[in-house]
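FYI, side chains are in, hydrogens and waters are out, and symmetry mates aren't considered; it's all heavy atoms of this structure. Just so you know, ligand 1 is whichever comes first in the structure, and atom 1 is the first atom listed for that ligand.
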Amino acid sequence: MPRHDQPDHGLDRPASSRIYDFSLGGKDNYSKDRDVAMQAFERLAAARLLPRENRKFMRRAVRHLLDAGVRQFLDIGCGLPGRGNVHEVVHGADPSASVVYVDHDPVAVVHYRALLHAVPNATVLHADARDPGAILDHPDVARLIDFDRPVGVLMISMLDLIPDEDDPHAVVRAFRDRMAPGSHLAVCDFLDENLSEEERAIADELVRQNGVVVTLRPREAIAGYFEGLDLVEPGLVYAPEWRPDRPFDPPSGWLLAGVGVKP
Ligand SMILES: C[S@@+](CC[C@H](N)C(=O)[O-])C[C@H]1O[C@@H](n2cnc3c(N)ncnc32)[C@H](O)[C@@H]1O
């Protein structure tokens, strides 16, 4: 299997951040990214639903964390800026709250850097989640995040881009271990249980052809990210079913989402 997201993130090959940007109607993407997204749209009925299910869950989760009193946010695998970014939701509620974005894709980082240059209390870090120490101990993180106080850690459609051999559970554990009581973890991840044989074959083929590996995981593996945390109501559910704030279309069944709080 090819490794996920090639390290150089070259513009001549597709990258998950930019495929996702195109899928959300963004314009910060290139032809290779658009080709992959269009193939997925044409061949997988759920593909058009997923980015919106994901992004809406993210915003509802952030609002929930704000209501719970969280005032510092670490968004790991933030992607490219789009509509309703985390810092916009957060600063809409409290301009003094802090947000650190992290992505290993330099294009995503450059775009956030441009967007945030005049925004106090928010920054972006170019780092790889598979090296949690480089994030947790980074001076920019220390400047904005006090790990002795509750923090909201967002891993939204990011862990499914970390293959099993890179141990996504160890990645999450490293962040969980540093979180103070009252901290929250929000995860949205690809679930492997509702794909037909045909959909699975198409997904595998797209991965083989394009080299952007997404690992669909069983429910128990996704639940494992919340070890030692209490899942807030309604627990781990399809993304649109997590505390909906308006009527929603039938869920794709491909994205499982939840929020856990550290006791
Ligand atoms: C599908 S996008 C999701 C963006 C955003 N979290 C959202 O939900 O709107 C996934 C992002 O995770 C990033 N990513 C994947 N693996 C990563 C890693 N090991 N370290 C940091 N970022 C990573 C990708 O570059 C991409 O921008």
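Side-chain contact between Y238 and L255: absent, with no pair of heavy atoms (C-beta onward) separated by less than 4.5 Å. Here the side chains of F226 and R176 are not in contact, with every heavy-atom distance at 4.5 Å or above.
By heavy-atom distance, the residue among A129, S23, P51, G84 lying nearest atom 20 (N) of ligand 1 is A129.
Between D230 and K262 there is no salt bridge, since no side-chain N of the basic residue sits under 4.0 Å from a carboxylate O of the acidic one.
The main-chain N or O of P150 is never found under 3.5 Å from a side-chain atom of R71 such that the two would form a donor-acceptor pair.
Looking at S17 against ligand 1, both its backbone and its side chain come within 4.0 Å, counting heavy atoms. Contact annotation for N54 and ligand 1: only side-chain heavy atoms (C-beta onward) come within less than 4.0 Å of the ligand. The residue C188 has no part lying near ligand 1, judged by heavy-atom distances below 4.0 Å. Contact annotation for C78 and ligand 1: only backbone heavy atoms (N, CA, C, O) come within less than 4.0 Å of the ligand.
In this view, R60 satisfies the side-chain hydrogen bond (donor to acceptor under 3.5 Å, both in side chains) rule with no residue, not counting sequence neighbours.
Within the 4.0 Å heavy-atom cutoff, A15 does not count among the residues contacting ligand 1. At a 4.0 Å cut-off, at least one heavy atom of S16 sits close enough to ligand 1 to count as contact.
On a distance-only criterion, L80 and ligand 1 share no N/O pair closer than 3.5 Å.
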